[in-house]
Protein chains: 4
Amino acid sequence: MKTSPRVVLSPRKCPRQARSAVTVDAIFEATLQVLLATGSTRLNTTKVAERAGVSVGTLYQYFPNKQSLLFAVLERYLDRLMDRLEAACEARRGGAAEDMIEGVVQAYLQVKAEEAAISRALYYIVIELDARELVDKAIWRAERAIAAMLSTANDGQFSDPQAIARVVFAAIHGTVRMFYERDLPPMAGGDVERQLTMMCRSYVAAAGRTP
Amino acid sequence: MKTSPRVVLSPRKCPRQARSAVTVDAIFEATLQVLLATGSTRLNTTKVAERAGVSVGTLYQYFPNKQSLLFAVLERYLDRLMDRLEAACEARRGGAAEDMIEGVVQAYLQVKAEEAAISRALYYIVIELDARELVDKAIWRAERAIAAMLSTANDGQFSDPQAIARVVFAAIHGTVRMFYERDLPPMAGGDVERQLTMMCRSYVAAAGRTP
Amino acid sequence: MKTSPRVVLSPRKCPRQARSAVTVDAIFEATLQVLLATGSTRLNTTKVAERAGVSVGTLYQYFPNKQSLLFAVLERYLDRLMDRLEAACEARRGGAAEDMIEGVVQAYLQVKAEEAAISRALYYIVIELDARELVDKAIWRAERAIAAMLSTANDGQFSDPQAIARVVFAAIHGTVRMFYERDLPPMAGGDVERQLTMMCRSYVAAAGRTP
Amino acid sequence: MKTSPRVVLSPRKCPRQARSAVTVDAIFEATLQVLLATGSTRLNTTKVAERAGVSVGTLYQYFPNKQSLLFAVLERYLDRLMDRLEAACEARRGGAAEDMIEGVVQAYLQVKAEEAAISRALYYIVIELDARELVDKAIWRAERAIAAMLSTANDGQFSDPQAIARVVFAAIHGTVRMFYERDLPPMAGGDVERQLTMMCRSYVAAAGRTP
DNA sequence: CATGAATGAGACTTCATTCAT
DNA sequence: AATGAATGAAGTCTCATTCAT
């Protein structure tokens with residue numbers, strides 16, 4: 001896929017009619033399926049359209065080019081992922097710092113376990129589109145959510161919750177990626193969680209706080 | 001007319017003459033350069049051959065197909081990376097556990113900083129080739145090196161150094177990846193290092209040890 | 001980047017629109033023309049597409065690969081050839097055995113004379129594709145047609161018409177091939193026919209029959 | 001393989017030294033092996049040289065190009081085949097006409113049975129090189145041998161032995177090719193022979209003779 | 001709006017042949 | 001003489017995108 005010559009990444013039109021929304025949804029779903037079934041290299045617009053039960057022409061009415069499609073799919077995925085993380089953080093506000101962190105680890109692991117394959121496949125898109133901005137935006141959401149949660153800790157105030165959140169999220173995300181990217185978690189799932197939790201807890205505990 | 005191919009990943013022939021070795025090296029080097037200059041999606045065998053100053057035919061005399069070339073490049077990169085990590089671990093044997101870990105963090109950050117771009121570009125190859133085995137092998141080397149180092153700690157024996165090593169490496173690797181994959185380290189470099197160090201130190205400290 | 005192909009011989013899609021049928025026909029026709037004009041070794045998909053007045057892409061939309069194209073062309077040719085032979089056999093039912101055979105010889109020679117060149121060119125395809133099955137199917141049709149005709153002989157019943165048909169067809173086909181494959185029939189056309197007819201007549205006469 | 005621009009078909013040099021003869025023989029043998037093992041499309045000079053245990057360069061010292069190699073291989077094969085047929089004819093001189101013919105059928109079937117695969121593979125070369133002349137020469141040898149044999153019949157003189165020989169050989173060769181080209185002779189081997197013999201005997205018997 | 005046939009640039013790969021060593 | 005590394009033209013096939021119906 002060629003990337004250079006100034007490509008439009010935003011979808012062509014917002015589906016106003018119900019029918020359109022269904023079509024777009026089908027296309028999104030089809031993209032993921034093709035991605036999983038045939039791999040990212042073999043993904044092409046014709047296959048996606050076929051799977052979605054529409055013609056290529058129709059696909060191109062909703063997305064001006066392949067990149068915009070992938071971009072939209074990625075965006076939607078990240079949005080939903082972060083929605084869930086935010087919800088998890090909100091649900092845990094007001095507890096003890098270490099417990100809150102434990103909750104985040106748990107939530108993130110669970111979400112990722114459910115969709116390890118999709119996650120992996122989409123990573124290809126990130127590189128292909130150089131869609132780092134989109135990922136950054138997602139990371140910011142995650143950090144903000146975690147930081148906001150940490151601010152409500154009932155056992156002391158962090159001097160820089162944002163910084164803590166940043167490292168905690170990096171550690172969780174990175175670790176999880178490392179284990180789930182390999183198909184067989186070489187550690188029993190529970191073990192990863194325990195160790196990762198221990199690491200984050202001890203980090204949070206070590207981070208300076210004013211009571 | 002082709003009749004029924006077969007995808008092979010191992011290189012085609014070992015260069016017997018001195019001339020050949022030079023050629024193969026040039027091809028490796030060219031691959032990295034093209035990868036960095038044009039991105040992984042734009043990489044094609046013609047460009048690589050051109051950059052290496054040879055003809056496509058020559059390239060295909062050493063690698064039966066594009067995949068085997070990328071595979072070999074990746075393998076070589078990971079080998080060298082792990083060589084450096086192992087050296088760093090060995091140089092720090094026999095210290096206090098937390099200090100050793102600090103050293104590893106430092107070393108890994110340094111290595112990765114030097115080649116963030118290449119590292120990122122190669123990650124695409126991992127996905128495209130589904131070369132997880134190769135990555136796994138590298139990870140094992142890293143874990144073994146760290147575990148071996150931890151076993152020489154002069155301030156107490158870990159009950160399961162392998163497990164500690166695993167999580168520590170995952171955290172370091174994951175965190176680093178997250179920050180370096182975004183071109184601009186959003187944290188001052190020093191800050192990442194400080195926080196990551198703190199996290200790993202506190203984890204190691206928290207891990208059970210028998211004096 | 002290709003990952004793992006698979007050689008398919010069946011056509012890719014059935015033309016649904018009228019336009020498609022025209023295209024496919026043009027491609028068939030073009031294949032034969034290129035075959036005759038440049039020889040089988042020089043035949044390539046680009047030339048065929050050009051001759052057919054379409055782009056390579058179009059060609060590949062109907063045939064997944066070069067082999068399937070050649071296969072289809074061969075199949076169509078054999079089908080038509082056998083259609084004509086069957087018609088000739090049917091038209092001669094109910095005569096004297098030797099006369100019927102004479103008719104078959106005549107018919108086959110005529111058909112082949114008309115398309116000696118194509119026939120020769122296609123033979124290369126049979127070898128290249130190892131499309132013996134296709135040829136076998138055609139031979140079976142021929143044998144069945146001849147045997148059925150022989151069964152209607154008004155001058156005695158053959159004990160094994162199938163066996164007679166088999167040898168008769170082999171002799172006719174083989175002999176014809178031998179003479180037409182060399183561009184210049186070294187025997188005056190009439191002479192071949194006369195001799196071949198004599199051979200087949202005497203064979204049929206010699207074969208056991210019950211009045 | 002390109003065929004047009006005036007290509008030299010004769011071998012580059014007649015091996016004068018024993019060593020050369022061995023090399024050339026090895027190359028011939030290797031060509032057949034590669035032909036059988038990988039098929040005619042995949043046959044290439046490098047593979048042949050490898051199999052023969054020499055380098056491509058050496059191969060090109062004996063044959064100016066690929067075509068001349070194939071040409072030589074074919075020529076040698078046909079020569080040997082006809083040597084055997086001639087021998088068979090000579091051994092049967094002076095018998096009854098029908099018995100002599102029976103002998104030829106027998107001999108030809110036996111020879112071809114032994115090397116059906118090679119025979120088939122070489123046929124490709126005939127087409128690729130358009131080496132009909134070579135084949136014609138072989139056919140002439142066969143016809144001459146059979147005609148000469150027929151002239152010694154002790155039971156009557158044929159008016160045109162050459163013509164009889166021509167048709168008999170065409171029938172035998174064509175029939176045999178038809179049955180052996182299909183891997184599985186659909187008739188029990190003995191049955192082919194019996195029927196073919198009957199056909200040729202009755203033809204020879206029917207052909208005019210002066211006692 | 002939808003369809004799907006058509007396009008064609010461009011990617012991968014092969015292989016006959018040469019020539020420096 | 002022998003070797004085998006290097007060449008590069010040519011062939012096969014893919015796929016994003018357009019447009020007539």
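All of these numbers come straight from a predicted model, not from anything done at the bench. All chains are named by letter (A, B, ...) in the order of the sequence lines, taking the proteins before the strands, and each is independently numbered beginning at 1.
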Give DNA chain F the dot-bracket treatment, 5' to 3': Watson-Crick (N1-N3 with N6-O4 or O6-N4) or G-U (N1-O2, O6-N3) under 3.5 Å, [ ] crossing, | other strand. .||||||||||||||||||||
When every non-hydrogen atom of Ile127(A) is compared with those of Ser40(B), the smallest separation belongs to CG2-OG, 4.1 Å
Can you tell me the distance, in whole Å, between the CZ atom of Arg42(D) and the C1' atom of dT12(F)? 11 Å
Round to a whole Å and report the spacing from OH of Tyr60(D) to P of dT3(F). 16 Å
Rounded off to whole Å, could you give me the OH-to-C1' distance for the Tyr62(B) and dT14(E) pair? 17 Å
Rounded to the nearest Å, what distance is computed from the CG atom of residue Leu70(A) to the C1' atom of nucleotide dA16(F)? 12 Å
At 4.0 Å (heavy atoms only), tell me whether Val56(B) reaches a base, stays on the sugar-phosphate, or touches nothing. base
5'-most by nearest nucleotide on DNA chain E - Thr41(D) or Asn44(B): Asn44(B)
All heavy atoms of Val34(D) vs all of Lys47(D), minimum pair found to be CG2-O, 4.1 Å
Could you walk me through whether Ile27(D) and Thr31(D) pass the side-chain contact (heavy atoms from CB on, under 4.5 Å) check? CA-CA 6 Å; Ile27(D) 292 175; Thr31(D) 307; 4.2 Å; yes
Whole-Å distance separating the CG atom of Leu59(D) from the P atom of dT17(E): 10 Å
Provide the distance between the two P atoms, one in dC1(E) and one in dT21(F), to the nearest whole Å. 22 Å
For Ala52(A) and Ala26(A), the nearest pair of non-hydrogen atoms, with its separation, is CB-O, 3.7 Å
What is the minimum heavy-atom distance between Asn65(D) and Tyr60(D), and which atoms define it? CA-CE2, 3.9 Å
Between Arg51(C) and Val48(C), is there a side-chain heavy-atom distance shorter than 4.5 Å? no
Between Val8(C) and Ser68(C) the two heavy atoms that sit nearest each other are O-CB, 3.8 Å
Extract all donor-acceptor atom pairs below 3.5 Å that involve side chains of residues 72-80 of chain B and protein atoms in other chains or at least two apart in sequence.
residue, atom, partner, partner atom, Å
Arg76(B), NH1, Asp25(B), OD1, 3.2
Tyr77(B), OH, Ser119(B), OG, 3.3

Can you confirm whether the side chains of Ser20(A) and Thr23(A) place a donor and an acceptor under 3.5 Å from each other? no
Hey, does the side chain of Thr23(C) come within less than 4.0 Å of dA6(E)'s phosphate (OP1/OP2), counting only N and O? yes
May I have the distance from Asn65(A) (atom CG) to dA16(F) (atom C1'), rounded to whole angstrom? 9 Å
For a quick check of understanding: with a heavy-atom distance under 4.0 Å over all strands, which category does Thr58(A) fall into, base, sugar-phosphate or nothing? base
Calculate the interatomic distance between Gln61(D) atom CD and dT17(E) atom P; express it in whole Å. 15 Å
Glu50(B) CD - dC12(E) P separation (whole Å): 12 Å
Among dA5(E), dA2(F), dC1(E), which nucleotide has an atom closest to any side-chain atom of Ser20(A)? dC1(E)
Output yes when at least one side-chain N/O atom of Thr46(C) is less than 4.0 Å from OP1 or OP2 of dA10(F), else no. no
What nucleotide among dT7(F), dC15(E), dT12(F) has an atom nearest to a side-chain atom of Thr45(C)? dT12(F)
Check nucleotides 19-21 of chain E against the protein and report each pair of N or O atoms closer than 3.5 Å, with its distance, or say if there are none.
none

Where is the tightest heavy-atom contact between Thr38(D) and Leu43(D), given as atom of each residue plus distance? OG1-N, 4.0 Å
Want to settle it: does Leu43(A) or Ser55(B) sit nearer the 5' end of DNA chain F, counting the closest nucleotide to each? Ser55(B)
Starting the side chain at C-beta, find the nucleotide from dC12(E), dA16(F), dA16(E) nearest to Lys66(B). dC12(E)
